[in-house]
Each structure stands twice: as C-alpha cells, then as structure tokens.
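Right, one structure below, let's go through it.
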Amino acid sequence: MSDVLMALPPAVANWRNVHATRRNPLLDELAAITRQLAHADMMTSPEQAELLAFLVETTGAKLVVEVGTFTGYGALAMALALPPDGRLVTLDHTDWHGIAEPFWRRAGVAERIQRRLGLAEDSLDGLLRGPEAGAVDMVYVDADKKRYERYLAQALRLVRPGGLVLLDNLFWGGAVADPNDESRQVAALRRVIQRCRDDDRLAMTLVPVADGLLMLRKR
C-alpha cells in the first residue's frame, strides 16, 4: 500500500459523480450560480457537502453550527439532512449577494436555518453564552484560516461530548507541506493540526477530501 495520497483520476471522479451520487437539482443549481462568482473557490465542494450531510444524518445531529456561510451551499446540504426539528446556525460577516436564503426557502428548510451576520468570533462567543454551549452536535468551520485556532477553541467548548468538529482547507492547496511557506494562514493551519494531534481528548483524522478536512470527535 502506497503512503502517497493520490488524487482520484478524472475518469473515476466523473464516474462516481454520475453513477454513485444522488443529485439534488437545487444543490446543483446553487453550485452553478456560485461557480460564476469571483470567490467561487470558497464554496464547499460537492463531495465534501455530501460527506457533511452524511455525518449529520448518521450521527442523528439536531444542532449544527457552520462558520462561513458564503452562498449557503454547505448549509443547504446539511439542513436537508437534519430532522424536521433540527437547527443549523450559520455564521458569516456578510450576506453574499443575497443568494442563500431563496434557495433555503425553495428547498423547504429555511425554518431549520438561523443566519447570524457579523464577526464569527463574536457570534461564537454569543452562542457560548447561550443554551447552545456544550450542546452542539457538530461544528463545521470554513472561514478565515488565520483565525482557525480561535475558532477551534470556541468550537470545542460548543460541542457536547461525542460531538464533531470539522475544519476545512487544512491542506491549503498543498502549502502546509511546503517547508518554504511561512505565511500566516499556513502557520495557523500547522499549529491547529499539531494541537489536535497532541490532544488525547480528541479523536482525529485528516481526510484527503477536497482541500483536506480535519475531522475531530470530542471524547
């Protein structure tokens, strides 16, 4: 078995997407609109959104927090997997083009999603002062990489024992493996990985999906 993580060959990736994926027309439409934007690379990949939705459903999550809404693609995928009485709180500093909420309404899940605008750290602190503290089933973080250490600390206080914390873009396009890259984003991501690796209170795996998804379970 090779120790090298290989990208899925394009033909296999296409076959998977055609034959092994349950398509949702609204998710596909929202993805197509998002890909036309200047910051389209911030969108959660379809494969990762599928994994997030799978985790929401299989863990029976009822309370999910998302840090970084963008156009609402990831939020829509997760909200569709929530039970009718489930709730997703999604945080962002701006309403990106007003795209998200019409799609949430069309999908019939708008009542499950609560959006909070403002600095994510402040919004997370607000949740920590409320009934959500220690009661969240899953936190998904896809936001400013330089602040990942702070987001991680807040997320671990929010989730219940057995809850999940997921952080996106831990490979940062491969930059984390470049010894010459000492940018603030890369340095922060490396510290997050080391902190989690050395913490026995966390189960951890860094999954080579999309740009690297760090998955943690609070023991």
Side-chain angles (χ1 to χ4, degrees), residues 1-14 16-17 31 34-52 55 65-71 73-75 77 90-94 96 118-125 138-159 164-219:
M1 179 181 295
S2 173
D3 290 332
V4 180
L5 297 173
M6 300 296 291
L8 205 60
V12 178
N14 183 65
R16 175 201 181 276
N17 292 336
T34 304
R35 291 190 184 106
Q36 303 303 311
L37 302 179
H39 299 286
D41 58 337
M42 297 197 312
M43 186 184 82
T44 298
S45 74
E47 295 81 9
Q48 189 159 294
E50 184 179 318
L51 175 59
L52 295 173
L55 290 171
V65 173
E66 177 187 45
V67 184
T69 311
F70 193 33
T71 62
Y73 180 82
T90 185
L91 316 175
D92 211 320
H93 62 90
T94 188
W96 291 90
L119 293 177
E121 288 184 44
D122 295 342
S123 296
L124 288 167
D125 281 340
M138 189 171 103
V139 177
Y140 171 54
V141 182
D142 183 10
D144 182 0
K145 314 310 168 191
K146 299 186 296 294
R147 300 183 182 276
Y148 262 30
E149 292 174 281
R150 175 61 175 162
Y151 297 151
L152 172 62
Q154 292 171 302
L156 289 174
R157 292 172 59 199
L158 275 176
V159 294
L164 302 179
V165 176
L166 313 172
L167 297 100
D168 195 17
N169 299 116
L170 267 293
F171 292 155
W172 202 233
V176 291
D178 181 355
N180 297 315
D181 194 324
E182 295 297 335
S183 63
R184 290 178 61 195
Q185 292 93 334
V186 169
L189 295 176
R190 288 174 180 150
R191 288 193 299 267
V192 164
I193 293 169
Q194 182 176 350
R195 178 252 189 269
C196 295
R197 184 197 63 197
D198 295 342
D199 191 341
D200 291 337
R201 296 170 298 178
L202 303 174
M204 166 190 168
T205 182
L206 179 48
V207 182
V209 60
D211 193 26
L213 181 66
L214 181 61
M215 299 176 60
L216 308 168
R217 180 179 182 271
K218 183 178 177 179
R219 288 173 169 157

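All of these numbers come straight from a predicted model, not from anything done at the bench.
A 4.5 Å side-chain heavy-atom check between V159 and M138 finds every atom pair outside the cut-off. Side-chain contact check for M215 versus M204: every heavy-atom pair is 4.5 Å or farther apart. A 4.5 Å side-chain heavy-atom check between R16 and V12 finds every atom pair outside the cut-off. The closest side-chain heavy-atom distance from V165 to Y140 is not below 4.5 Å. The shortest side-chain heavy-atom distance between S123 and V67 does not fall under the 4.5 Å cut-off. Taking 4.5 Å as the limit, some side-chain heavy atom of L124 sits within range of a side-chain heavy atom of L91. Put simply, the side chain of L52 reaches to within 4.5 Å of the side chain of L166, judged on heavy atoms. Looking only at side-chain heavy atoms (C-beta outward), T94 and T69 stay at 4.5 Å or farther from each other.
Qualifying side-chain contact (heavy atoms from CB on, under 4.5 Å) partners for D199, counting only residues two or more places apart in sequence or in other chains: R195, R201, L202. For D168, the salt bridge (Lys or Arg N to Asp or Glu O under 4.0 Å) criterion is met by no residue, not counting sequence neighbours.
Between Y151 and D144, the closest heavy-atom pair is CE1-O, 3.6 Å. The two residues G174 and D211 have their closest heavy-atom pair at N-OD1, 4.5 Å. Counting all heavy atoms, side chain and backbone alike, D142 lies closest to Y148 at CA-OH, 3.5 Å. The two residues A31 and Y73 have their closest heavy-atom pair at CB-CE1, 3.7 Å. Scanning both residues, K145 and N169, for their nearest heavy atoms gives NZ-OD1, 2.9 Å. The shortest heavy-atom contact between V176 and R190 is O-NE, 3.1 Å.
Under the 3.5 Å distance criterion, the side-chain polar atoms of E149 are left unmatched by any main-chain donor or acceptor of R191. With K218 contributing its side chain and L156 its backbone, the two residues share a donor-acceptor pair below 3.5 Å.
A salt bridge is absent between R197 and D200; no separation between the charged side-chain nitrogens and carboxylate oxygens falls under 4.0 Å.
Rounding to the nearest 0.5 Å gives a distance of 8.0 Å between CG of L152 and CG of L214. A distance of 10.5 Å separates CG in L51 from CD in E47, rounded to the nearest 0.5 Å. Note that CZ of R147 is 11.5 Å distant from CD of Q185, once rounded to the nearest 0.5 Å. Separating the CG atom in L213 from the CZ atom in F171 is a distance of 9.5 Å, to the nearest 0.5 Å.
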Show the numbers, then the answer: is there a side-chain contact (heavy atoms from CB on, under 4.5 Å) between V65 and V141?
-> CA-CA 8 Å; V65 173; V141 182; over 6 Å; no
Does the pair T34 and W96 meet the rule for a side-chain contact (heavy atoms from CB on, under 4.5 Å), with working shown?
-> CA-CA 10 Å; T34 304; W96 291 90; over 6 Å; no
Give the C-alpha distance, both sets of side-chain angles, the deciding distance and a yes or no for side-chain contact (heavy atoms from CB on, under 4.5 Å) between L164 and V139.
-> CA-CA 6 Å; L164 302 179; V139 177; over 6 Å; no
Verdict with supporting geometry, D125 and R150, salt bridge (charged side-chain N to carboxylate O under 4.0 Å, His left out) = CA-CA 11 Å; D125 281 340; R150 175 61 175 162; 3.2 Å; yes
Could you check L167 against L189 for side-chain contact (heavy atoms from CB on, under 4.5 Å), going step by step and ending with a plain yes or no?
-> CA-CA 10 Å; L167 297 100; L189 295 176; over 6 Å; no
